[in-house]
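Notes for the one structure printed next.
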Amino acid sequence: MSDPAISPDRFYVTTPIYYVNDRPHVGHCYSTLLADTVARFMRASGRDVFFLTGTDEHSERVASRAAEEGMTPIQWADRNAGLFKEAFAKLGFTNDDFIRTTESRHKDLVTRYVRTLLEQGDVYLGEYSGWWDHSQEEYLTETMAREHGFKSPVTGKDLVKRTEKNYFFRLARYQDRLLRHINENPGFIRPEARKNEVLGRLRDGLQDVPVSRGGAGDGGAAAWGIRMPGDEGHSIYVWIDALFNYLSVVDTRERRAYWPADVHLIAKDILWFHAVIWPCLLMALGEELPKCVYAHSFWIREGRKMSKSLGNFIDMETIDAYCDRYGTDALRWYLLTQGPMGATDADFSYAKFVEVYNADLANGIGNAASRVINMIHKYFDGKCPSAPSDSDDNARPLPGRARDAAFRVSACMGENDIGGALSAALGLSNAVDVFINDTTPFKLAKDPANMERVGHILYDCVESIRIAAVLLSCALPEKMGALLGMMGQPVPMDDGSFEEPLDKLCEWGRLKAGDAVTKGEGLFPRADGADPEPGSR
RNA sequence: GCCGACGUAGCUCAGCUGGUUUAGAGCGGCGGAUUCAUAACCCGCAGGUCGGUGGUUCGAGUCCACCCGUCGGCACCA
């Protein structure tokens, strides 16, 4: 595939690093799954992929929460970071690294970056004044404070006006350059609606932003963060610390070439930091900017936002229950095809899950594979029949469909359009269904004189299924691996790549007459929506 | 309060700079055909005042105004 959207060589994809006070839930899994799917696809395409995820650990609240739990901050962080690692491993994610911001490889570089900014005058000591919510250890903006009657929105306690010395980053200095970059690179902030949001706010102008917190010297919660270079009394504000992870992890001799990132996958709530502050920090450091910041929306539950107070998170228990009953791939498929990749939130619903599972997987690729393999068994003793000679193409729609599908999948993936890619791939298996109905090999097979023709038909079918399986493997690694195995074909390795690049594998005609095709278990047994939702009690 | 998004068939959504149609797709539903297959597949149908009102225009889901409804962001919680 010589698709221009996909340049060769390296590919670097990141997820947010997750707040280590959280417990992993569907939101974290979704962001990481998107990255995993893209990473698998790019590896299969032959690119040198680096896929990064991790945890953000220097929030002052981590320190205070740890104290509540009777642990040291690092003990608490260790435990929770472990939960994320465990969750992601269970889902088979193929991240190449997992950064924790408390690791020295990160901290050392953050210190270096900030020192550089200080020396250049991009960071300076100034004064910050705002409404301090002591109970939450955070400042509120003037508007927020007024809205809540100058009381803590959480605890209702009085806010106090507080002024402190702070280090600021000269964000305003980079406003024009950022604006130009956004306008000259339409794909920089995606989707479109998010870009417009940023442009709208940019019209109001940028102010310099604080990048430090005081009180680091007195052993308080701020002491947990990375110290401000040359000023032990301040620690680097956790957001700044966190953003640098994308660079720090690859800022090594071996990994430097991965930068700039091809895509930062994030959720919409952290758009501002990634689409404005982060690029400006990079500009100040003279670094190239990431090619794309892609902000997806949220999973919601029965029309309502998932929140602690409602206790309606899709937690790991529920996710595990879905995986146990339907397979990890089934959950991956649901999240990938029904998820909030666009500007609007998506509802997580069991009914929808069953619908999509049955329509796409059980009745779709699963059934198509089953009927083709079954006929090969029935009529050709489980041996791949021989391919038709390549004359009359108009009677053979599938080779063209396969080529088309491969092209479209790769074009879509190049634009982070995972949904489009998967529907193009699934379309190939649907085309097989139509072809079988049109050509009726099962009828022809009743007359032995037709067997050559039947073989030709089934060859096109099984070859198309093979290619569909290859194309779907980034989303359904386990099941498509099993399917390819049934056809005696190479299966994807643990990281999603194959021994040969995708474009080779998608060439028509790799299956040869006589290759054994084995019947396996049904890939996706039909789901019964009458069963109770997995994980419900 | 400020900025913005959205409101199109039962559900989820496409419809870019206004005139390719009697407004589309997928899923669900209904009918038909078929039997290789996981009661699957294939074919056909389903008639939604395109949130409301008023405008601009020869002509508007597609532009403007206002209204109603839902939602998001507003920079030190990540």
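Computed from a predicted model, the values in this text were never measured in an experiment. Labels below follow one simple rule: chain letters A, B, ... track the order of the sequence lines, proteins then strands, and each chain is numbered from 1.
B:rC3 sits 14 Å from B:rA75 when the C1' atoms are compared, rounded to a whole Å. Rounded to whole Å, the C1' atom of B:rU17 lies 15 Å from the corresponding atom of B:rG61. B:rC64 and B:rG18 have their C1' atoms separated by 13 Å, given to the nearest Å. Spacing between B:rC11 and B:rG28 at atom C1', rounded to whole Å, works out to 7 Å. When the C1' atom is used for both B:rC16 and B:rA60, the distance is 15 Å, rounded to whole Å. Comparing the C1' positions of B:rG51 and B:rC43 gives a spacing of 36 Å, expressed to the nearest Å. For B:rG73 and B:rC67, the P atoms lie 24 Å apart once the distance is rounded to whole Å. Taking the C1' atoms as reference points, B:rC6 lies 15 Å from B:rU12, given to the whole Å.
Minimum atom distance to the side chain of A:Asn363 is reached by B:rC41, of the listed B:rA75, B:rU12, B:rC41. Distance from the side chain of A:Val209 is smallest to B:rA75 among B:rU34, B:rA78, B:rA75. Side-chain proximity of A:Ser370 to the nucleotides B:rU12, B:rU35, B:rU38 is greatest for B:rU38. Of the candidate nucleotides B:rA78, B:rU35, B:rC41, B:rA78 has the atom lying nearest to any side-chain atom of A:Asp56. Considering only the side chain of A:Lys446, B:rU35 comes nearest among B:rG72, B:rU35, B:rC27. For A:Lys352, counting side-chain heavy atoms from C-beta on, the closest listed nucleotide (B:rG26, B:rG28, B:rA37) is B:rG26. Among the nucleotides B:rC36, B:rG72, B:rC77, the one closest to any side-chain atom of A:Glu197 is B:rG72. Distances were taken from every side-chain heavy atom of A:Tyr237 (C-beta onward) to each of B:rA75, B:rA78, B:rC41; the shortest belongs to B:rA78. Here B:rG28 is the nucleotide among B:rU34, B:rA78, B:rG28 with the atom lying nearest to any side-chain atom of A:Glu355. Considering only side-chain atoms of A:Arg371, the nucleotide from B:rG72, B:rC36, B:rC43 that sits closest is B:rC36.
A donor-acceptor pair under 3.5 Å is formed between the side chain of A:Asn80 and the backbone N or O of A:Val20. In terms of modelled atom types and a separation under 3.5 Å, the side chain of A:Asp231 and the main chain of A:Gly233 share a donor-acceptor contact. Of the possible donor and acceptor atoms, none in the side chain of A:Tyr379 sits under 3.5 Å from a partner among the backbone N and O of A:Pro441.
Within 4.0 Å (heavy atoms only), A:Gln207 reaches at least one base atom of the nucleic acid. Using a 4.0 Å heavy-atom criterion, one finds that A:Ala362 contacts the bases of the nucleic acid, with or without backbone contacts as well. At the heavy-atom level, A:Val372 lies nowhere under 4.0 Å from the strands shown. Within 4.0 Å (heavy atoms only), A:Leu523 reaches at least one base atom of the nucleic acid. Contacts of A:Phe524 with the nucleic acid, taken as non-hydrogen atoms under 4.0 Å apart, include base atoms. A:Pro441 comes within contact range of no nucleotide atom at all, as no heavy-atom separation falls under 4.0 Å. Looking at heavy-atom distances under 4.0 Å, A:Gly205 makes contact with a base. Among the heavy atoms of the strands lying under 4.0 Å from A:Asn367 is at least one base atom, whether or not backbone atoms are also near.
Classification of B:rG61 as syn follows from a glycosidic angle within 90° of 0.
Taking atom CH2 of residue A:Trp272 and atom P of nucleotide B:rC3, one finds them 16 Å apart after rounding to whole Å. As a whole-Å value, the separation of A:Ile240 CD1 from B:rA75 C1' is 11 Å. Separating the CG atom of A:Leu206 from the C1' atom of B:rA75 is a distance of 9 Å, rounded to the nearest angstrom. A:Lys195 has its NZ atom 15 Å from the C1' atom of B:rG4, to the nearest Å. One interatomic measurement links the two molecules: OH of A:Tyr350 to P of B:rU12, which rounds to 20 Å at whole-angstrom precision. As a whole-Å value, the separation of A:Lys479 NZ from B:rU38 P is 16 Å. Rounding to whole angstrom units, CG of residue A:Asp347 and P of B:rC71 are separated by 13 Å. Atom CZ in A:Phe353 sits about 18 Å away from atom C1' in B:rG26, given to the nearest Å.
Between A:Tyr350 and A:Phe353, the ring planes lie parallel to each other; the angle is under 30°, not in the 30° to 60° tilted range.
Ring-centre distance between A:Phe524 and A:Tyr326: not below the 6.0 Å cut-off. Ring centers of A:His274 and A:Tyr246: under 6.0 Å apart, within the cut-off.
Nearer to the 5' terminus of RNA chain B, by closest-nucleotide assignment, is the contact made by A:Ala346 (compared with the other of A:Tyr379 and A:Ala346). Between A:Phe273 and A:Ala242, the one whose closest nucleotide on RNA chain B sits nearer the 5' end is A:Phe273.
Within a 6.0 Å sphere centred on CZ of A:Arg23, other residues, nucleotides and ligands contribute 12 heavy atoms or fewer. Summarising the local packing, CD of A:Glu452 is surrounded by 12 or fewer heavy atoms from other residues, nucleotides or ligands at distances under 6.0 Å.
The phosphate of B:rC77 has neither OP1 nor OP2 within less than 4.0 Å of any side-chain N or O from A:Trp239. OP1 or OP2 of B:rA40 sits under 4.0 Å from a side-chain N or O of A:Arg526.
The only option from A:Ile240, A:Ile236, A:Val110, A:Asp241 that meets the side-chain contact (heavy atoms from CB on, under 4.5 Å) definition with A:His58 turns out to be A:Asp241.
Within the 4.5 Å cutoff, the side chain of A:His264 has no heavy atoms near those of the A:Tyr294 side chain.
Pairing analysis of RNA chain B (Watson-Crick: purine N1 to pyrimidine N3 plus N6-O4 or O6-N4; G-U wobble: N1-O2 and O6-N3; both under 3.5 Å) yields stems of 3 or more pairs at B:1-7 with B:68-74, B:10-13 with B:24-27, B:29-32 with B:42-45, B:51-55 with B:63-67.
Side-chain atoms of A:Trp76 and A:Asn21 include a donor-acceptor pair closer than 3.5 Å.
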